[in-house]
Number of protein chains: 2
Amino acid sequence: MMSPSNDSRQDHVPRGRARLSREAVLSAALELLDAEGLEALTMRRLGQELGRDPMSLYRYAENRAALLDGVTELVLSELAIVPDDRVWQEQLRRIAHDLRLLALRHPNVVPLLVTRPLSTPLGLRPLGTLRPLEQILSLLAEAGFGPEDSLHVYRAYYGFLYGHILNELQEFIVDPEENEALLRLGLHRLPAKEFPRLRALAPALADYDGAAELDQGLSILLSGLASRLPPDARKGPAPSRIDSSE
Amino acid sequence: MMSPSNDSRQDHVPRGRARLSREAVLSAALELLDAEGLEALTMRRLGQELGRDPMSLYRYAENRAALLDGVTELVLSELAIVPDDRVWQEQLRRIAHDLRLLALRHPNVVPLLVTRPLSTPLGLRPLGTLRPLEQILSLLAEAGFGPEDSLHVYRAYYGFLYGHILNELQEFIVDPEENEALLRLGLHRLPAKEFPRLRALAPALADYDGAAELDQGLSILLSGLASRLPPDARKGPAPSRIDSSE
DNA sequence: AGCAACGTCCCTACACCGTAGACTTTAGGC
DNA sequence: GCCTAAAGTCTACGGTGTAGGGACGTTGCT
């Protein structure tokens, strides 16, 4: 009479009883973060979630900060930046929308995304968080931008993109169900004579279309960048023959 | 034989021995935050800094989160948004630079600035953090924008602005002294074949001119917004006679 | 088969955190 | 000089991250 829980030698892992791995730890952490927020993501709780002693986690992340870095890396790896044959503006636009959706899927990760790099010099950040930068630089180079112009474009673009995402996430927290009601309720609290415009905007705030707003902003920015920066490469997907060395 | 430390009855406050006040607490908190970062700003430490029992702080902030909110409010109150007689674009530009400088003066507050609102529905945020929004709405209204257009402009503008600030703060942490060296050092760590462009950009990254970068982005964005949105009010400081009620 | 070495994991312990609740001290009005 | 309310304090509790050391299973060598 074998106990039903741990009969197999190393079969189908009774309950998280497989060998841990960095990936397993990180994705459990992400799951917890998505489900219950940053405050819930403690070493002890995560250990419990994995059916392990909290201390075992330190085999896979040097400390909590590193674990959080790992999670942001994991999330960013969901973002595919693959060059295709479209104009650079369209590619950047697509990437922006992808990142926006990613952020909406993992809203609790966004604070980490924008906050962690503030305490780490660029060169020491997890590679996974630098990869998008490199890839966009390469995309722009392929579109004919010089290195420094690429950097300028990247900065304006990513800056706006992150700003938009923060903006959008700030505007609703509440369930889209009772959105209107709660929002109005909140706004109603504001002193009428000090915040007349904000209060008057309640309905407009209530039906915020993030994708459209992002798109418009991008249109302005990208066309502005296109007309300002590149000497010639405004459309074509590259002069095509500059794959220099190797 | 009086002890030299506490001779006066209630004279010149020997050492932080005055009656506390919310303002005193908050500005001590800000000081500590500026000097040693968010991690150092604990209730116990702040109490110690003020020469008081940590528990006394709870008279002036309901809990730590509220205290942090108070600090962001305090910082934002340093930002003066006073309408003047210039074109709206120029006013927004000035405000943007002011906010940028404010952020550079209090870099450790920036994470709070962008992060705290994510967990508070708009209407329940500290009034001090909503005031800039209201004031900018009013500035735009005075420039002839309709309420909804104002909102769109505000979103694009503030989104870009916050994005830029985050970007800029991320690019150097290190002392401007050994900036170059450290930066290169960091970058040198990156695998050469995976990050060729980023590594090549080291010198360009090293002399980043934040103000200029912000200004260019703003030019693009503001002129784009001007040409896209307002039906007529593209320059003039307002039709001038709409101070409706009171 | 036996054994040594090593990586994985758990246990214990410590210093520190936020804060609830009851207490003492202080300041001001009568 | 008392009374009262506010301001400040003390004690204590349950939580946190993580250092150090020991237990254990797995693996590779002989």
Side-chain angles (χ1 to χ4, degrees), chain A residues 3 5-11 13-29 32-33 36-71 108 111-112 115-116 119-120, chain B residues 5-29 32-33 36-71 108 111-112 115-116 119-120:
Chain A
S3 75
S5 58
N6 62 352
D7 47 358
S8 57
R9 203 169 303 265
Q10 59 188 17
D11 221 355
V13 292
R15 199 20 133 218
R17 219 74 269 268
R19 190 71 143 265
L20 282 186
S21 70
R22 183 172 159 90
E23 251 223 37
V25 169
L26 290 183
S27 68
L32 186 52
L33 187 55
E36 309 194 25
L38 186 58
E39 302 231 311
L41 179 47
T42 76
M43 303 305 267
R44 290 169 146 94
R45 177 67 194 282
L46 182 54
Q48 174 180 328
E49 217 69 32
L50 287 163
R52 287 298 195 307
D53 186 281
M55 278 299 123
S56 58
L57 302 178
Y58 287 87
R59 298 269 159 205
Y60 306 100
E62 210 166 308
N63 47 40
R64 191 172 115 103
L67 186 136
L68 296 181
D69 279 340
V71 173
N108 292 331
L112 298 181
T115 259
R116 294 281 325 149
S119 37
T120 323
Chain B
S5 58
N6 61 353
D7 48 358
S8 58
R9 203 170 303 266
Q10 58 188 20
D11 222 355
H12 59 14
V13 291
R15 200 22 134 215
R17 219 75 267 270
R19 191 67 145 266
L20 281 187
S21 70
R22 182 171 160 91
E23 251 223 37
V25 169
L26 290 183
S27 67
L32 186 51
L33 187 55
E36 308 194 24
L38 186 58
E39 302 232 310
L41 179 47
T42 76
M43 303 304 268
R44 290 171 144 94
R45 176 68 193 280
L46 181 56
Q48 174 180 327
E49 216 68 32
L50 287 162
R52 288 298 195 305
D53 188 281
M55 279 297 122
S56 59
L57 303 177
Y58 288 87
R59 300 263 167 210
Y60 307 98
E62 211 165 306
N63 46 41
R64 190 171 114 106
L67 186 135
L68 295 182
D69 279 340
V71 173
N108 293 329
L112 298 181
T115 258
R116 295 279 326 147
S119 38
T120 323

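Just so it is clear, the structure is predicted and the values come from calculations on it, not from any experiment. First the proteins, then the strands, lettered A, B, ... as listed; each starts at 1.
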Nearest heavy-atom approach of Y60(B) to R22(B) is O-NH1, 2.9 Å
What pair of heavy atoms forms the shortest contact from A29(B) to L67(B), and how long is it?
-> CB-CD2, 4.0 Å
Nearest non-hydrogen partners of A28(B) and L50(B), listed with the distance | CB-CD2, 3.7 Å
So, for N108(B) and L33(B), which heavy atoms are closest and what is the spacing to 0.1 Å?
-> ND2-O, 2.8 Å
Check nucleotides 15-17 of chain C against the protein and report each pair of N or O atoms closer than 3.5 Å, with its distance, or say if there are none.
{"from": "dC17(C)", "atom 1": "OP1", "to": "T42(B)", "atom 2": "OG1", "distance (Å)": "3.3"}

Distance in angstrom units between M55(B) CE and dG18(C) P, rounded | 9 Å
Check the distance between dG20(D)'s C1' and D53(A)'s CG and give it to me in whole angstrom.
-> 13 Å
With sequence neighbours excluded, residues passing side-chain contact (heavy atoms from CB on, under 4.5 Å) with E36(B) | L32(B), A40(B), R45(B)
Closest heavy-atom pair, V71(A) versus L26(A), reported as atoms and distance to 0.1 Å, is N-CD2, 4.0 Å
Could you list all N or O pairs between the protein and nucleotides 5-7 of chain D that sit under 3.5 Å apart?
{"from": "dA7(D)", "atom 1": "O3'", "to": "R19(B)", "atom 2": "NE", "distance (Å)": "3.3"}
{"from": "dA7(D)", "atom 1": "N7", "to": "R59(B)", "atom 2": "NH2", "distance (Å)": "3.4"}

Taking all heavy atoms of S56(A) and all of L20(A), pick out the closest pair and write down the distance.
-> OG-CD1, 4.1 Å
Mind checking side chain to side chain donor-acceptor pair (under 3.5 Å) for R64(B) and listing every partner two or more places apart, or none if nothing turns up?
-> none
Euclidean distance, atom CD of residue E62(A) to atom C1' of dA19(D) [Å, nearest integer] | 13 Å
Bend of the helix from dA1(C)-dT30(D) to dC30(C)-dG1(D) from end-axis comparison, five pairs per end, nearest 10°, comes to 10°
Would you indicate which nucleotide in dT18(D), dC9(C), dT11(D) comes nearest to any side-chain atom of S56(A)?
-> dC9(C)
Nearest-angstrom distance from the residue atom CG of L57(B) to P of dG18(C) | 10 Å
Mind calculating the distance between CZ (R52(B)) and C1' (dT25(C)) to the nearest angstrom?
-> 12 Å
For P54(B), does its backbone N or O pair with a side-chain atom of R44(B) as donor and acceptor, under 3.5 Å?
-> no
Kindly write out the residues that satisfy side chain to side chain donor-acceptor pair (under 3.5 Å) with D69(B), not counting sequence neighbours, or none if the list is empty.
-> R116(B)
